[in-house]
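So the structure is just underneath, and the comments pick up after that.
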Amino acid sequence: MSKSLLTFIFLFVSTLTFSQTHKLGDFEDSEISLKEVSYEPDAPAVILVSQGYSRFLSGYLETSHFVRLKILSEAGKENADVRIRYYAGDQKVEDILAVKAQTTNFENGKAESIKVSKEGIFEVDLDDGYKELRISFPNVQVGSIIEYQYKKTDKNLTFIDGWTFQNKLPTLYSNYVIKMLPSLEYRTLGQGQNYSTGVEKTIENDNYGWTLRNIHSLKEEPYMKNYRDYIDRIDFQLSRYEVREDYGTKWEHVMSTWEVLGDEVISMYSQKGFYRSNPIEKEFLDVDLKGETQLETAQNAYYYLRNNFRVEGEDWIYPEQNLNQLLKSKVGSPVELMLALMGVLKSEGISCEPVLIGSKGYGRSDIVPFPFLNQFDEILLLAELDGKQQFLDLSQVEAPFGYVDLDKHVKAGLYLQEEQSKLVPIDIQHKSNSTYFGQVEMNEEGQLVMSNAHRNYRYRGLGLAKQIDGIQARNESLEKLFEIEEGVVFDNFKVNNALEDKDMLTLSFEMKFQEIVDQDMILFSPLKFSSFAENPFTQEYRMFPVDFGYAFSETYNTVVSVPEGYEIDDYPLEAGYTIDGGYVVFIYSPTIIDGNLKISAKFMVNAPLIPASQYENLKYFMESVATKLSEPVILTKKSNL
């Protein structure tokens with residue numbers, strides 16, 4: 001993946017010098033005495049100050065960075081190795097210079113500073129034109145304050161990275177200022193709950209500033225992997241710039257409409273040969289993919305490319321190879337394979353165009369409603385098959401036709417069509433549910449055996465298929481899918497993968513309770529295999545929404561055939577739970593029929609994105625569900641009397 005660089009050349013100089021509010025070694029008494037963060041007392045370290053100042057120089061942007069960090073515990077010492085990633089490319093698109101760093105310890109109230117040597121500051125080359133600046137601080141102790149500052153230059157003036165206020169550590173003070181020029185106009189895009197409610201803005205002599213204080217750290221939270229969509233940050237995109245002419249000056253607009261932005265991207269794809277009108281599949285692939293319907297033709301093309309080409313590289317909107325190179329190598333990135341699929345479908349007379357999207361986790365939970373190219377990072381295809389619209393995705397080699405990577409299930413995207421590009425909604429309907437059947441009975445050896453059949457549909461089936469493939473590739477038993485429990489043996493696994501034909505994968509297996517043989521009392525949990533038999537939410541508070549990914553349900557049906565000579569002593573009672581708004585619902589219903597016990601239960605996620613404000617309710621709800629799913633059935637021997 002290479003960083004996009006749309007080239008605009010500006011000749012201007014800003015002579016303003018930047019005087020940092022904070023300097024190396026210039027500490028506040030409160031920083032020296034700080035022992036813990038009041039709003040996050042378990043934090044191993046804390047960022048005291050994070051400050052940035054950007055100014056335009058001749059043809060590039062220079063940003064001065066200053067960071068001051070304090071070590072609060074032994075675990076916090078790992079923050080003494082700092083790594084800063086940037087994109088250099090072949091033309092030094094970005095560069096880092098003027099690095100200074102030091103460690104300060106306090107002995108008897110006296111500050112003793114040790115500067116980081118040249119050997120402690122070095123660069124490492126990464127892949128695809130990226131580099132990493134590394135700083136290794138010496139003599140770091142609990143109570144040490146480490147500081148570093150550097151300047152970063154960036155030749156990409158169309159998109160400015162801006163500033164991220166939130167970090168892996170709690171941050172007491174984060175400030176960013178940019179000196180704008182009258183000859184340039186940028187669109188400013190802020191994001192994040194703290195930013196929207198608590199940012200302090202300043203404007204003085206074309207210096208635009210933003211400040212946030214007392215920001216929580218970024219912590220891993222269950223059912224949330226798209227942190228970047230919600231963190232506090234600010235970005236910029238060039239809107240227009242002033243050019244001089246013989247008769248004065250005029251403004252040149254940059255990607256001012258969706259149509260103009262779309263044509264820019266289409267032009268790039270065309271230069272790579274992906275809008276070729278000749279029949280690709282016949283002239284280049286030497287294969288006839290024609291089906292009886294457009295849907296069948298699209299399926300034939302999809303499976304041909306998926307099975308005969310290798311997907312390699314990151315999912316991105318910019319192809320590296322041209323079409324001829326791809327067809328020759330038969331190895332390409334997801335965008336290259338999808339654009340080739342588009343060409344095949346077009347040559348068969350099927351309407352098909354790319355749709356730019358910002359995938360989950362790329363940084364935008366919602367589309368910004370004006371032409372901001374940097375909010376897109378992946379593509380889908382939108383085809384019309386037999387009068388019905390169908391989104392297509394070739395980025396998952398295991399997925400059947402019509403499946404779209406879950407990270408691409410977003411609200412909207414930019415539909416690319418020459419002179420007619422526009423935003424379109426993305427609503428991918430699917431029923432990705434699970435149905436669990438169980439039969440509990442005594443075998444001839446006197447062992448209690450639970451026979452199970454788990455049916456998983458669509459994306460839940462695809463997810464399980466990936467797990468199974470990984471386990472089998474390691475030559476391991478499929479019991480790895482479940483928590484190992486003493487006295488329980490998993491056996492007779494059978495997998496029926498019918499995802500391509502029926503959108504369903506069925507996993508069958510047996511559970512034998514070996515220790516239960518001729519006992520006076522038999523106790524077991526009939527629904528212990530549920531993925532929610534343990535509460536995944538144990539943290540005290542929640543910063544981000546809970547994201548289940550999509551709406552789904554789990555349905556459980558277990559029949560307990562009471563063995564001869566035994567009777568039901570106790571079983572879980574009927575129950576039902578939900579939370580305000582009906583985001584999640586759980587129903588548990590036992591019945592006794594002809595002396596046997598049938599347990600039916602259903603867990604439903606009606607709205608997959610649950611706000612953090614509902615976390616306490618959700619935590620209590622999930623604890624109640626886990627408790628109910630783990631409740632045992634008790635069978636006892638009948639009395640001889």
Side-chain angles (χ1 to χ4, degrees), residues 2-10 156-160 183-189 191 235-243 245 249-277 315-319 322-323 334-336 338-343 345-347 349-359 362-384 389-393 404 408 410-428:
S2 62
K3 182 175 180 178
S4 166
L5 176 61
L6 302 186
T7 305
F8 294 87
I9 299 176
F10 303 98
N156 186 352
L157 299 180
T158 306
F159 307 108
I160 297 177
S183 56
L184 299 176
E185 284 190 6
Y186 281 85
R187 295 186 179 99
T188 303
L189 302 169
Q191 174 185 281
D235 296 306
F236 304 87
Q237 176 177 299
L238 185 65
S239 173
R240 62 177 187 166
Y241 61 96
E242 195 175 41
V243 294
E245 295 185 335
T249 61
K250 72 171 186 177
W251 288 97
E252 289 284 350
H253 291 269
V254 179
M255 293 176 287
S256 56
T257 67
W258 292 116
E259 292 85 357
V260 172
L261 175 58
D263 286 349
E264 288 268 2
V265 180
I266 290 172
S267 175
M268 177 185 60
Y269 291 164
S270 296
Q271 290 171 15
K272 294 285 188 178
F274 288 102
Y275 275 75
R276 188 172 292 166
S277 59
D315 212 347
W316 195 235
I317 63 174
Y318 303 107
N322 60 39
L323 179 60
V335 66
E336 292 165 355
M338 280 193 275
L339 291 174
L341 175 60
M342 176 190 73
L345 298 184
K346 280 178 174 285
S347 66
I350 295 175
S351 173
C352 182
E353 304 293 348
V355 179
L356 300 184
I357 61 133
S359 65
Y362 180 65
R364 294 286 166 194
S365 53
D366 294 299
I367 287 284
V368 177
F370 56 79
F372 182 65
L373 180 59
N374 222 22
Q375 66 185 309
F376 303 113
D377 72 316
E378 297 179 8
I379 76 164
L380 293 174
L381 296 179
L382 180 56
E384 187 169 316
Q389 289 191 331
Q390 174 83 57
F391 283 101
L392 304 177
D393 180 23
V404 173
K408 299 183 180 183
V410 293
K411 297 177 183 178
L414 178 60
Y415 179 77
L416 299 181
Q417 188 173 21
E418 194 169 357
E419 297 183 353
Q420 298 181 55
S421 296
K422 60 183 179 181
L423 290 181
V424 295
I426 297 176
D427 185 16
I428 301 172

Run the side-chain donor-acceptor check on residues 412-419: report pairs under 3.5 Å with partners two or more places apart or on a different chain.
none

Donor-acceptor pairs are to be reported for all side-chain atoms of residues 267-275 against protein atoms at under 3.5 Å, with residues two or more places apart or in another chain.
unit_1 : atom_1 : unit_2 : atom_2 : d
S267   : OG     : Q271   : NE2    : 3.4
Y269   : OH     : I317   : O      : 2.7
S270   : OG     : I266   : O      : 2.9
K272   : NZ     : E320   : O      : 2.9

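Of the possible polar contacts, none joining the K411 side chain to the I367 backbone as a donor-acceptor pair under 3.5 Å is found.
Taking all atoms of both residues into account, the shortest heavy-atom contact from Q237 to P371 is NE2-O, 2.5 Å. Here the closest non-hydrogen pair linking L157 and I160 is O-CG1, 4.5 Å. When all heavy atoms of P354 and L381 are compared, the closest pair comes out as CA-CD2, 4.0 Å.
Under the side chain to side chain donor-acceptor pair (under 3.5 Å) criterion, T257 pairs with E259, not counting sequence neighbours. Every residue two or more places apart in sequence or in another chain that forms a side chain to side chain donor-acceptor pair (under 3.5 Å) with S347 is listed here: E281. Scanning for side chain to side chain donor-acceptor pair (under 3.5 Å) contacts around Q420 gives an empty result, with sequence neighbours left out. By the side chain to side chain donor-acceptor pair (under 3.5 Å) test, K422 is found to be paired with no residue, residues two or more places apart in sequence or in another chain being considered. For F236, the ring pair (Phe, Tyr, Trp, His ring centres under 6.0 Å) partners two or more places apart in sequence, or in a different chain, are W210. Contacts of E252 classified as side-chain contact (heavy atoms from CB on, under 4.5 Å), with partners at least two apart in sequence or in another chain: Y241, V243, K250.
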Show, in sequence, the C-alpha distance, side-chain angles and deciding distance for I426 and L382, and conclude whether the side chain to side chain contact (heavy atoms under 4.5 Å, CB included) test is met. CA-CA 10 Å; I426 297 176; L382 180 56; over 6 Å; no

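Counting only residues at least two apart or on different chains, the salt bridge (Lys or Arg N to Asp or Glu O under 4.0 Å) pairs with a member in residues 368-384 are E378-K408.
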